[in-house]
Amino acid sequence: QVRLVESGGGLVPARGSLRLSCSAPGRPFSNYAMGWFRHAPGNAREFVAGINWSGDSTYYVDSVQGRFTISRDNAKNTVYLTTNTLKPEDTAVYYCNADHLREVIGPITPSDFWGPGTQVAVSS
């Protein structure tokens, strides 16, 4: 069982920024594509951004394109989501997850193992 741990969330004003981090202690995920998802109250969990195993290919949903950046440091076994120009509608719990594939050409297919997530709250 893979244990994913997200961190870096917080309360920020609109147009603020946060850098979210995700790690899997003791379980390297350098061979897999990784992604970030979010879950806002009243909505289904949605895919936000994905990155391939080597970090040189990314995919974003339209609502965050140009504002969010996904990156990874395989030496540190960590995936990041840098969120800029945040909007109140970005408020959600953010989760990371791994795909069983190495490349990313669209939304990743997450595993069944979810971490606790990290709360992002954006005030207007």
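Paired with Ser17 under the rule side chain to side chain donor-acceptor pair (under 3.5 Å), one option of Asn84, Thr82, Thr85 passes, and it is Asn84. Shown are Val61, Asn97, Thr109; of these, the side-chain contact (heavy atoms from CB on, under 4.5 Å) with Phe47 is made only by Val61. The side-chain contact (heavy atoms from CB on, under 4.5 Å) with Thr58 is formed by just one residue from the set Ile51, Asn52, Val104; it is Ile51.
Contact annotation: the side chain of Ser111 never approaches that of His100 to less than 4.5 Å [non-hydrogen atoms, C-beta and beyond]. Put simply, the side chain of Leu101 does not reach to within 4.5 Å of the side chain of Trp53, judged on heavy atoms. Put simply, the side chain of Tyr32 does not reach to within 4.5 Å of the side chain of Asp99, judged on heavy atoms. Under the 4.5 Å side-chain criterion, counting only non-hydrogen atoms from C-beta, Leu18 is in contact with Val120. Two residues are said to be in side-chain contact when any heavy atoms from C-beta on lie closer than 4.5 Å; Val48 and Tyr60 fail this criterion. The shortest distance between side-chain heavy atoms of Glu46 and Arg38 falls below 4.5 Å. Contact annotation: the side chain of Tyr59 never approaches that of Ile70 to less than 4.5 Å [non-hydrogen atoms, C-beta and beyond].
Of the possible donor and acceptor atoms, one in the side chain of Glu6 sits under 3.5 Å from a partner among the backbone N and O of Cys96. Listed for the Asn77 side chain is no donor-acceptor partner under 3.5 Å among the backbone atoms of Pro25. The closest donor-acceptor contact from the side chain of Glu103 to the backbone of Ala33 lies at 3.5 Å or more, if one exists at all.
Note that CZ of Arg102 is 8.5 Å distant from OG of Ser30, once rounded to the nearest 0.5 Å. Interatomic distance, Thr91 OG1 to Gln119 CD, rounded to the nearest 0.5 Å: 7.5 Å.
Among all heavy-atom pairs drawn from Thr118 and Ser7, the shortest one is OG1-C, 3.8 Å. Of all heavy-atom pairs spanning Met34 and Cys22, the tightest one is CE-SG, 4.5 Å. Across Gly117 and Val93, no two heavy atoms sit closer than the pair CA-CG1, 3.8 Å. Taking each heavy atom of Pro88 and Ala14 in turn, the nearest pair found is CD-CB, 4.3 Å. Contact record, Ala24 with Leu4: CB-CD2, 3.9 Å, taken as the closest heavy-atom pair.
In this structure, Arg19 satisfies the cation-pi test against Tyr80, with its NZ or CZ atom closer than 6.0 Å to the six-membered ring centre and inside 45 degrees of the ring normal.
Between Phe37 and Trp114, the gap from one ring centroid to the other is short of 6.0 Å.
The stretch residues 54-79 participates, sequence neighbours left out, in these salt bridge (charged side-chain N to carboxylate O under 4.0 Å, His left out) pairs: Arg67-Asp90.
Using cut-offs of 30° and 60° for the angle between ring planes, the Tyr94 and Phe68 rings count as tilted.
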